[in-house]
Amino acid sequence: MIAEEINLKDKLREVFGYTQFRGLQEEIIDNLMAGNDTFVLMPTGAGKSLCYQLPAIIRDGTAIIISPLIALMKNQVDQLAALSINAQFLNSTLSKAEITKVKKGVLAGQIKLLYVAPESLTKESNLEFLKSAKLSFIAIDEAHCISEWGHDFRPEYRRIRMMIDLIGNMPIIALTATATPKVQIDIQKNLRMENAKVFKSSFNRTNLYYEVRAKTAIKKQLIKYLKSHKGESGIIYCLSRKKVEEVYELLKVNDVKVAPYHAGLESQVRMQNQDGFLNEEIDVIVATIAFGMGIDKPDVRFVIHYDAPKSLEGYYQETGRAGRDGIESDCIMFYSPHDILKLEKFNKDKTVSERDNARHLVQEMMAYSASGVCRRRLLLSYFGEVIHHDCGKCNNCVYPTNKFSVKEQIIWCLETAVNTGERFALGHIVDVIRGEKTSYVMSYGHDGLATFGKGKDNQTSYWESVVRHCVVFDFLYKDIDNYGVLHLSEKGKSFLADPYSVELSEEHDYSKVSDDEDDDKELGNFNSTRSHDLVLFEMLKGLRKKVAKQKGFPPFAIFQDPSLEEMATFYPTTEDDLAQINGVGMGKVQRYGKPFLEMIQKYVQENDIETAQDVVVRSAINKSKTKIWIIQQIDRKVDLEEISEAKNMSMFEVLDEIEHICYSGTRLNLDYYIDRIMDEERQDEVYDYFMNADTDNLPVALEYFDEDYSEEELRLMRIKFMSEIAN
Ligand code: ADP
Ligand code: ZN
């Protein structure tokens, strides 16, 4: 047991360069290594990936990682490649030859992690292949996709268990960052993992600063904020595409390195903007909520909600994309009562029950925004987690609203909950206290209760706030299976036995703030506690970007921000020193360390405060511009000769580009051109060949047809085939 413990820590250090496991990681890994089913609920940024990556590296055979998005797979495969770990994915972006290669690698036991989408898992040929491979275990990442109650529900996910049963018996680890019990139960049932050991950590993201402020003079505030956070990565969420475009234009003219992201943009453009963000060509993405699920950028320093979100679930998910690397980051929401009207308009076309549900979610969000209670306590309480102290790192803690003491009022709330049989939600309890003779109150005879009408002197909103305080302070708790029904907690019981004064917070009144009034309080606060050498840090960041570009990885795959901050604190100048930095390790020192050490050595010697050199190399971005241009030309059915002339490229170079586009998953329709140069019969013959061939290798095809077809013809048909079959 002890030997294995040492072993795990050594591996952690050797492969990932981390000195310690975080939170429950070690216990989770132990459980999985012992061959047990494992269910992991941890918030974003807690380090879930390591829980399957490390066992996959240690155990014999290949681990299958089921992941919902190609971008996510690529992200992880890149990061693992930077650590010299053989991980691959199997999905529609691969050519036949690449697929064959990956499968060979698995069968030969060389590939430690194989990422697949659930759709690929259900393919007959893949199933057969997986049956014959030696597999270590199956991991299901983003497992909330299984649940209809999860925010990213994917129907194919519900068939995973069936597929696993077909492949064979092996341990399963499911991981999700969704905290709602309903989703958890649904996932476990569907995966038949009711007996799995569940590891649930707190969902508190201690490095995030939560702030809600009135949406006044928002453009001015936003630009001021971005100016003081130049070069930091951030996401700004808007509710509509129109708003995204508007904010994007505003930031662009203010010299922010910014790009838009929404469903109305062509997928190629979206992909390019996303890549630009990952590669640090772009600092800020303005997006609808469509953005973010597919990326794991660890150093997002702020998430701003330009418009109020539709629900707290979504809000927590979106803000969770900030600060995955553990460095302090801001989550700022601008709130306006007008936004609520807009949200309600969105719901107009929904069915009655959908509309009720949506309205309920919006009301919870409004209550959160208005509340003067510690935001962290509010958020966590909404997800059923109680914390007993104010956090000190949210705008309600830093700039508190007025406080007032109550005792009797709390007693009334708790007694009403108890005397109505603990069978009602907030609305009804408030009705009883206020003495409203609603049909429910009357039909249950609740007008006869001792607390009926006790609170008629205060408004509904006042009482709603008091009851919500009771939940956050853990006097009452919400029933998980029975949406919103309030029960008396243990703490509530002892309060009733021996009541005491409780301090409540006044609500914010956002209607009072005038439109052009600027909030003079500092927006956000993540910079306040940083103490490293900012100049050196920026230099190292620049270097990292350059190295990343050379290696073809995103910058965070080389070193993450916390490692750079440590370097800019401890100034390591030898390989051994550098290996001591958390997240570095000897492996990375040898692969990437040299230029970083040189930079630090020079900096230390000169001790000269110099600004970072501009290390941007522009070649890659130009390349992708060409690709986009080619896609546009093909959409307009421009002949390939014309394209090659216009770009001064040879026909083969144009075909190279097109193949690259096609193999990275974009569907291209070249029929207009192919029909012109080949008749139907000839097309069919080549198409059938690729359909039945074992490989899409060009020399093999040329040899097979023995000069009956030109290279250009074969390549064009291969693109057509790939576009139709694989993409
Ligand atoms: P999640 O999937 O839970 O959102 P990730 O797996 O992306 O989180 O990990 C979040 C960050 O934490 C990553 O930057 C990762 O490198 C880092 N990390 C994970 N485990 C450790 C550890 N034991 N020590 C230090 N950093 C870690
Ligand atoms: Zn707080």
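Keep in mind it's a predicted model, so treat the numbers as computed, not measured. In listed order, ligands and their atoms are each counted from 1.
- Looking at atom 9 (O) of ligand 1, its nearest protein heavy atom turns out to be Gly47 CA, 3.4 Å.
- Salt-bridge annotation for Arg158 and Glu156: absent, with no side-chain N of the basic residue lying under 4.0 Å from a carboxylate O of the acidic one.
- To the nearest 10 degrees, the Zn ion (ligand 2) sees SG of Cys374 and SG of Cys391 at an angle of 100°.
- Between the side chains of Ser120 and Asn91, no donor N or O sits under 3.5 Å from an acceptor N or O.
- Considering only non-hydrogen atoms, atom 20 (N) of ligand 1 lies nearest to Gln25 out of Arg13, Gln25, Arg22.
- Ring pair Tyr592/Phe559 is perpendicular by interplanar angle, where above 60° counts as perpendicular and below 30° as parallel.
- In terms of polar-atom proximity, Gln560 is counted as a contact of ligand 1, with an N or O under 3.5 Å from an N or O of the ligand.
- Listed by number with element, the atoms of ligand 1 under 4.0 angstrom from any heavy atom of Gly45 are 1 (P), 3 (O), 4 (O), 8 (O), 10 (C).
- Atom NZ of Lys74 has 12 or fewer neighbouring heavy atoms from other residues, nucleotides or ligands inside a 6.0 Å radius.
- Taking every non-hydrogen atom of Thr44 and a distance limit under 4.0 Å, the qualifying atoms of ligand 1 come out as 4 (O).
- Remark: Lys200 NZ is packed, more than 12 non-hydrogen atoms of other residues, nucleotides or ligands lying under 6.0 Å away.
- The Ser49 neighbourhood of ligand 1 comprises atoms 2 (O), 5 (P), 6 (O), 7 (O), with distances under 4.0 Å to a heavy atom of that residue.
- Put simply, the angle at the Zn ion (ligand 2) from SG in Cys394 to SG in Cys397 is close to 100°, to the nearest 10°.
- The residue from Tyr18, Phe21, Phe556 that puts a heavy atom closest to atom 27 (C) of ligand 1 is Tyr18.
- Ring planes of Tyr368 and Tyr315: tilted class, angle from 30 to 60°.
- Aromatic ring orientation, Tyr115 versus Tyr52: perpendicular (interplanar angle above 60°, classes split at 30° and 60°).
- Of all the atoms in ligand 1, the ones that sit under 4.0 Å from a non-hydrogen atom of Gln20 are 22 (C), 23 (N), 24 (N).
- At the shortest separation from atom 7 (O) of ligand 1 among protein heavy atoms lies Arg324 NH1, 3.6 Å.
- Applying the 4.0 Å criterion to heavy atoms of Pro43 picks out, from ligand 1, the atoms 3 (O).
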Working for ring-ring contact (aromatic ring centres under 6.0 Å, His included), residues Phe383 and Phe203: CA-CA 9 Å; Phe383 295 111; Phe203 272 68; 7.6 Å; no

